[in-house]
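Take a look at the structure set out below.
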Amino acid sequence: MTSGTMTNSGMTIITLDGPSGSGKGTICQLLAARLGYHYLDSGALYRLLALAAKRHKVALDDVEDLAVLAAHMDISFRMNSEGDHPEVILEGEDVTDQIRSEDISAGASQVAVIPEVRNALLERQRAFARPPGLVADGRDMGTVVFPDASVKIYLTASAEERAHRRHNQLMDKGESVSLAALVENVRARDARDMNRSVSPLVPAPGAVEVDTTGKSIQEVLDIVMEIVRG
Ligand code: DC
């Protein structure tokens with residue numbers, strides 16, 4: 001089934017793409033909850049693949065085995081017992097926190113540049129589209145995975161603001177990193193993501209761009225809801 005037939009069958013697919021730190025994850029989860037839609041965290045799939053590869057001792061440059069693992073890894077998502085946060089499951093084990101480590105983040109960005117991996121994950125991502133609708137969070141949701149989505153949004157924020165958000169997250173975890181170094185990291189990552197040859201991070205044709213710089217989560221959610229209603 002293609003995303004085209006899915007949208008034609010009356011299902012609403014909303015894509016939110018943008019760089020990390022733009023607030024996509026939080027906004028997508030709130031939006032999906034508000035609309036009663038399913039939620040796809042596509043970045044989690046790349047993270048799960050990096051973790052599965054580590055566990056199964058598949059090298060991050062072993063294209064053939066990575067593609068097989070991507071197509072067959074045993075993964076699922078469920079709501080936590082409080083019903084306010086999605087949990088990520090690999091082979092029956094809750095790995096929600098593990099996939100956010102620096103090590104796995106680096107592995108995820110390595111496997112994400114391999115076209116065979118992206119291809120193997122394509123149908124798995126499309127399978128998340130189920131009635132009544134889907135909110136899809138990623139980098140290429142509107143350009144590649146769901147090109148026929150009903151609503152496409154591209155979230156941005158200045159590099160300084162995204163570095164600030166990351167700085168606050170790290171401080172909450174008791175880690176101290178200089179803000180200047182984080183701004184540099186954010187800029188370097190943007191350049192890599194936007195200039196890579198496969199599925200570069202670019203706004204999808206027809207996407208509405210929302211700059212979240214200086215805006216609260218509630219303000220961004222209100223803007224996004226307005227776009228969806230429109
Ligand atoms: O959104 P995130 O930080 O969880 O994404 C993890 C990695 O996967 C990151 O390096 C970007 C990449 N990614 C991607 O290439 N395409 C997507 N649709 C989602 C994430």
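In this chain, numbering begins with 1 at the start of the sequence shown. Just follow the structure's listing: the first ligand is 1, and inside any ligand the first atom is 1.
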When you compare the side chain of Arg124 with that of Met73, does any pair of heavy atoms fall below 4.5 Å?
yes
Do side-chain atoms of Ser158 reach the backbone of Thr213 as a donor and acceptor pair under 3.5 angstrom?
no
Using salt bridge (charged side-chain N to carboxylate O under 4.0 Å, His left out), reason through Arg100 and Asp41 one step at a time and then give a plain yes or no.
CA-CA 13 Å; Arg100 304 280 152 200; Asp41 172 5; 3.2 Å; yes
Under 4.0 Å from ligand 1 - residues by heavy atom, chain and number
Ser42, Gly43, Tyr46, Arg47, Arg100, Ala108, Ser109, Ala112, Arg118, Gly138, Arg139, Asp140, Met141, Arg189, Arg196
Is there side-chain contact between Lys215 and Val210, with heavy atoms separated by less than 4.5 Å?
no
Measure the shortest side-chain to side-chain distance between Leu179 and His164 over non-hydrogen atoms and say whether it is less than 4.5 angstrom.
yes
Side chains of Asn168 and Asp172: any donor to acceptor distance under 3.5 Å?
no
